[in-house]
Amino acid sequence: MTLERTYIMVKPDGVERGLVGEIIKRFENKGFQLVGLKFLSPTRTILEKHYADLSSKPFFPGLMTYMTSGPVVAMVWSGKGVVKAGRVLLGETNPLASLPGTIRGDFCIDVGRNLCHGSDSVENAEKEIALWFTEGVVSHNRVVERLIYE
């Protein structure tokens, strides 16, 4: 079985609203394994690297102001199909288009305050993990794996 890793970040609005535990709970309830976690105030430098593909967009300056307005929770999750499933758990980028039962569908309204970031591909996940977790992540075997995977 091939396990993927994904990068999930709870943005400043999610931290401020006390939703970190709820977001972790949803990933754990699904069966994914938390292998990296840190609480930090991101620098503009790391955010500019993370959001480099959006740097030419008119909303970029506002995004930088918002993302440096408070701490974030950076996480790495492992599991079968975790990149795609993680994005399903988060919901659509536009919360108004997100279904009830998703994180964004249940807890937010505006795109500019959509609580979380989730990697959009396995390749981008690995780039984001390398950017945010330069020290690496934990690797361990869970006994519960046999109850989650065939």
Atom pairs and distances, donor-acceptor, side-chain atoms in residues 84-97, under 3.5 Å, two or more places apart:
{"residue": "Arg87", "atom": "NH1", "partner": "Gly118", "partner atom": "O", "Å": "2.7"}
{"residue": "Asn94", "atom": "OD1", "partner": "Leu96", "partner atom": "N", "Å": "3.0"}

- Item | Other residues, nucleotides, ligands: >12 heavy atoms within 6.0 Å of Glu16 CD | no

- Query: Hey, is CG on Asn141 packed in by over 12 heavy atoms from elsewhere, all under 6.0 Å?
  - Reply: no

- Query: Cation over ring, Lys38 on Phe133, under 6.0 Å and within 45°?
  - Reply: yes

- Note on the structure: Smallest heavy-atom separation, Trp132 atom then Ala74 atom, equals CE3-CB, 4.5 Å

- Sidechain N-carboxylate O distance under 4.0 Å for Asp110, Arg104: no

- Item | Inter- and intrachain pairs under ring pair (Phe, Tyr, Trp, His ring centres under 6.0 Å), touching residues 81-109, at least two apart | none

Using residues 55-65 as the side-chain source, report each donor-acceptor pair under 3.5 Å to any protein atom, sequence neighbours left out, with the distance given to one decimal.
{"residue": "Ser55", "atom": "OG", "partner": "Ala52", "partner atom": "O", "Å": "3.0"}
{"residue": "Thr65", "atom": "OG1", "partner": "Pro61", "partner atom": "O", "Å": "3.1"}

- Nearest heavy-atom approach of Gly105 to Thr102 is N-OG1, 2.9 Å

- Say you draw a straight line from NE2 of His117 to NZ of Lys11; how long is it, rounded to the nearest 0.5 Å? 8.0 Å

- Determine the minimum heavy-atom distance between Ile23 and Cys116, stating which atoms define it. CD1-SG, 3.5 Å

- Message: Under a plain distance cut-off of 3.5 Å, with no hydrogens placed, do Gln33 and Ser78 share a side-chain donor-acceptor pair?
- Response: no

- Message: Tell me if the centroids of the rings in Trp77 and Phe32 come within less than 6.0 Å of each other.
- Response: no

- Here the gap from Ile46 atom CD1 to Ser41 atom OG, rounded to the nearest 0.5 Å, amounts to 12.0 Å

